[in-house]
There are 2 protein chains.
Amino acid sequence: MNKEMQRTLLEDVAREAEVSTASVSRVLNRAPHVSKRLRERVEAAIDRLGYVPDGTARALASRRIGAIGALVPTLDNPIFSAMIDSLERRLKRHDCRLLIATYRYDLDDELQALRTLIQQGVDGVVLVGHDHRPAALTLLQRRQLPFLTCWHAEDDPDWPGIGFDNTAPARHLAEHLLMLGHRRLAVVSAPTDGNDRARARLEGFRQAAEAAGCPLPPERIVKVDYGIAEGAEAFESLMGLDRRPTAILCGNDTLAFGVMLAAQRAGLQVPREISITGFDDLPQARFMSPPLTTVAVPAGEIGRQVADGLIARIDGVTTPHRRLLDAPLVLRESTGPAPTD
Amino acid sequence: MNKEMQRTLLEDVAREAEVSTASVSRVLNRAPHVSKRLRERVEAAIDRLGYVPDGTARALASRRIGAIGALVPTLDNPIFSAMIDSLERRLKRHDCRLLIATYRYDLDDELQALRTLIQQGVDGVVLVGHDHRPAALTLLQRRQLPFLTCWHAEDDPDWPGIGFDNTAPARHLAEHLLMLGHRRLAVVSAPTDGNDRARARLEGFRQAAEAAGCPLPPERIVKVDYGIAEGAEAFESLMGLDRRPTAILCGNDTLAFGVMLAAQRAGLQVPREISITGFDDLPQARFMSPPLTTVAVPAGEIGRQVADGLIARIDGVTTPHRRLLDAPLVLRESTGPAPTD
DNA sequence: TTGTACGCGTTATCAA
DNA sequence: TTGATAACGCGTACAA
């Protein structure tokens, strides 16, 4: 067999169907004003020759590659991979592919990845949150490239976004604990550098605590990397304090899981002796023992809406600058009345 | 500002540097035999003009798009997203992007997604396992497109792959239980259609059981979709049997988690009254109570090796047809001696 | 409604 | 080592 078996080109199809190349192209792109007769001739020829259009040539000529780029901190966190999963599935409906790039919460890496994506010629870009290098925005604007942020959705004129309010649910979680009589709250947060979601949640915890007259001292705010073991370590360090917290607010469910395990390992009853909350509502949250009080983050819905919204923007349709989804509290059994000492 | 601010082209750089377009291209692609003087002139011009090469044009001319495609069943399973995460990170080193497509274990969808990826012009393809429509192989071969399977790695002349043996560790898990005195084993498996990994694991369980003279009757093999709740339901149905199993082998950790929860909800002690095993060694496996006996699947290592291997093939380097990684048993406390009745 | 001919922005071939 | 120029394969004004 020949190494270079010549691939069938659009031109070959045109010759086979005895029409012009322009006509073949029109049929291919479902252009208006093509006679049924022409369409059938062309489609028959395409079938006979097994013709497959060349994406790269099409991209060069049409200035569209049929794919968007997504920049996410990591796929090693199920809450993000769930979003990417639904994003990709929905994009497929629009006949659009997905190019992914991760940056481990390093905004310089993110910027670099964005450059690469743009150079590739992506038709649009999805970003997470509003924490980005200023150059990222400049790049997108100068190229007039459609883009959309997700996950976080504070009111920001620069960044159009579909997401949810990270602060309010966090505040509500804290209020829930305060209502249960807790006065010594602690927080186990993800690192807040380059992560406005983590900052917003922390801010929500703070707001509620201060409004209730029992602000969070620095030593009761622990920042650790993502992970179960990390959550457990954070718990240990909080237990080293003179006045131990009676409730621990965690930045995500995974940390909460670690905290809960460490608490139980330390012989503490949850929630009788200590209350614990998460954030995300991962599938396992309701199966923990006790089931975890948390916030249900609409990861799947974000993926779908971002797909639809970005495609609309690529097609030149103006969509709302900002769309807020629900992230409801899910009260379960990991929170209870403060211990009476 | 102009809507169509003309982008700087390679030609502009050539003019600015007073050299030919060919020379600019050579500098850009680090071609050999370029004088230092030329390189510097060109690089200076590039900086001055802020030139960024156009990926689509480059792709058309060079027949390389600088991205590979990955076909995975889903990203909604952390074991796959962990692999994709490491794959993408490693590809970045090779200056290669990642296009992902999911197919929900539907091989016709997979084939369709493969067509789309090929049409896009990907430089290579990653697939999971060896269960694919025959047309998929034909497509890849006819195009002479570099490809690599992963996750599963049975000896198959058609499919080069980097993965691990799914059967042997499964057999070892069952042998471990048999050695502990269990005679009535049961299996909670993922659906086996289009999933050779699930089939291989099931086969491993079967082999050990038969070799020990206590084969698995059909009613003690339950197939359910991925999920914690699904695992729990599978457990319920096994408990409805006349002669209940004393040990349950699960196709993955998530199912095992569901089974364990349901067992405990039913008042059974694990492992005193019933032993449970998983497969994957997800991060939470060692934090379950009791910690889960399972098989450590090298998801991250697969991603890295697949990246290196596929890039090598794209560069025309011949790599081993098959590479087997370790997937060691991790014996923890969810398995113990069979109850003595 | 269909066809002609050029443009898309690079890379690669060949000659110098 | 460098330069001129022909591919690369398709989309799309513009003309018919």
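By convention in this document, chain letters (A, B, ...) are assigned in the order of the sequence lines, proteins followed by strands, and residues within each chain are numbered from 1. Computed over heavy atoms, backbone and side chain alike; hydrogens, waters and symmetry mates excluded.
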Task: Pairs flagged by ring pair (Phe, Tyr, Trp, His ring centres under 6.0 Å) wherever residues 68-96 of chain B is involved - sequence neighbours left out - done: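 Sorted result for residues 68-96 of chain B: B/Phe80-B/Trp151.
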
TODO: Please list all pairs passing the ring pair (Phe, Tyr, Trp, His ring centres under 6.0 Å) test where one or both residues lie in residues 8-52 of chain B, with sequence neighbours left out.
DONE: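 Non-adjacent pairs meeting ring pair (Phe, Tyr, Trp, His ring centres under 6.0 Å): zero.
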
Task: Heavy-atom pair with the smallest gap, counting every atom of B/Phe147 and B/Asp158 - done: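 What the structure gives for the nearest pair is CZ-O, 3.9 Å.
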
Open item on the list: Pair A/Arg7, A/Asp54 - check salt bridge (Lys or Arg N to Asp or Glu O under 4.0 Å), show working.
Closed with: CA-CA 10 Å; A/Arg7 317 193 298 125; A/Asp54 179 313; 3.0 Å; yes

TODO: Give me the first and last nucleotide of DNA chain C, going 5' to 3', that has any atom under 4.0 Å from a heavy atom of chain B.
DONE: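 Terminal contacting nucleotides, 5' to 3': C/dG9 to C/dT13.
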
Open item on the list: Below 4.0 angstrom, which residues in residues 20-28 of chain B have at least one non-hydrogen atom near DNA chain D?
Closed with: B/Ser20, B/Thr21, B/Ala22, B/Ser23, B/Arg26

TODO: Name every residue in residues 38-63 of chain B that has at least one heavy atom under 4.0 Å from any atom of DNA chain D, in order of residue number, or write none if there are no such residues.
DONE: B/Leu38, B/Leu60, B/Ala61, B/Arg63

Listed partners of [X] passing side-chain contact (heavy atoms from CB on, under 4.5 Å), at least two apart:
{"X": "A/Ala312", "result": "A/Val317, A/Thr319"}
{"X": "A/Asn29", "result": "A/Ser25, A/Arg58"}
{"X": "A/Asp95", "result": "A/Arg97"}

- [ ] Would you list the pairs meeting side chain to side chain donor-acceptor pair (under 3.5 Å) in which at least one residue belongs to residues 100-109 of chain B, sequence neighbours left out?
- [x]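 As it turns out, the side chain to side chain donor-acceptor pair (under 3.5 Å) pairs with a partner in residues 100-109 of chain B, which skip direct neighbours, are A/Asp85-B/Arg104, A/Glu88-B/Thr102, B/Thr74-B/Arg104, B/Asp108-B/Arg133.
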
TODO: Would you work out how much the helix from C/dT1-D/dA16 to C/dA16-D/dT1 bends between its ends, with each end axis defined by five base pairs, to 10 degrees?
DONE: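 What I find for the helix from C/dT1-D/dA16 to C/dA16-D/dT1 is an axis angle of 30°.
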
Task: Residue pair B/His321, B/Trp159: steps toward the ring-ring contact (aromatic ring centres under 6.0 Å, His included) verdict - done: CA-CA 8 Å; B/His321 181 75; B/Trp159 298 104; 9.9 Å; no

- [ ] Taking only Lys NZ, Arg NE, NH1 and NH2, and the carboxylate oxygens of Asp or Glu, determine whether B/Asp315 and B/Arg64 approach each other closer than 4.0 Å.
- [x]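 Counted as a salt bridge, because a side-chain N and a carboxylate O are separated by less than 4.0 Å.
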
Open item on the list: With heavy atoms of chain A within less than 4.0 Å as the criterion, where does contact along DNA chain D begin and end?
Closed with: D/dG9 to D/dA13

Open item on the list: For A/Ile65, is there any backbone N or O sitting under 3.5 Å from a side-chain donor or acceptor partner on A/Asp123?
Closed with: yes

Task: N/O donor-acceptor pair under 3.5 Å between A/Thr149 side chain and A/Leu127 backbone - done: no

Open item on the list: Run the side-chain hydrogen bond (donor to acceptor under 3.5 Å, both in side chains) test against B/Arg323 and tell me which residues pass, sequence neighbours left out.
Closed with: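 Result, side-chain hydrogen bond (donor to acceptor under 3.5 Å, both in side chains) vs B/Arg323: B/Gln305.
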
TODO: Please lay out, stage by stage, how B/Ile68 and B/Val125 fare under the test side chain to side chain contact (heavy atoms under 4.5 Å, CB included).
DONE: CA-CA 6 Å; B/Ile68 66 156; B/Val125 175; over 6 Å; no

Open item on the list: Within a 6.0 Å radius of atom CZ on B/Arg93, are there more than 12 heavy atoms belonging to other residues, nucleotides or ligands?
Closed with: no

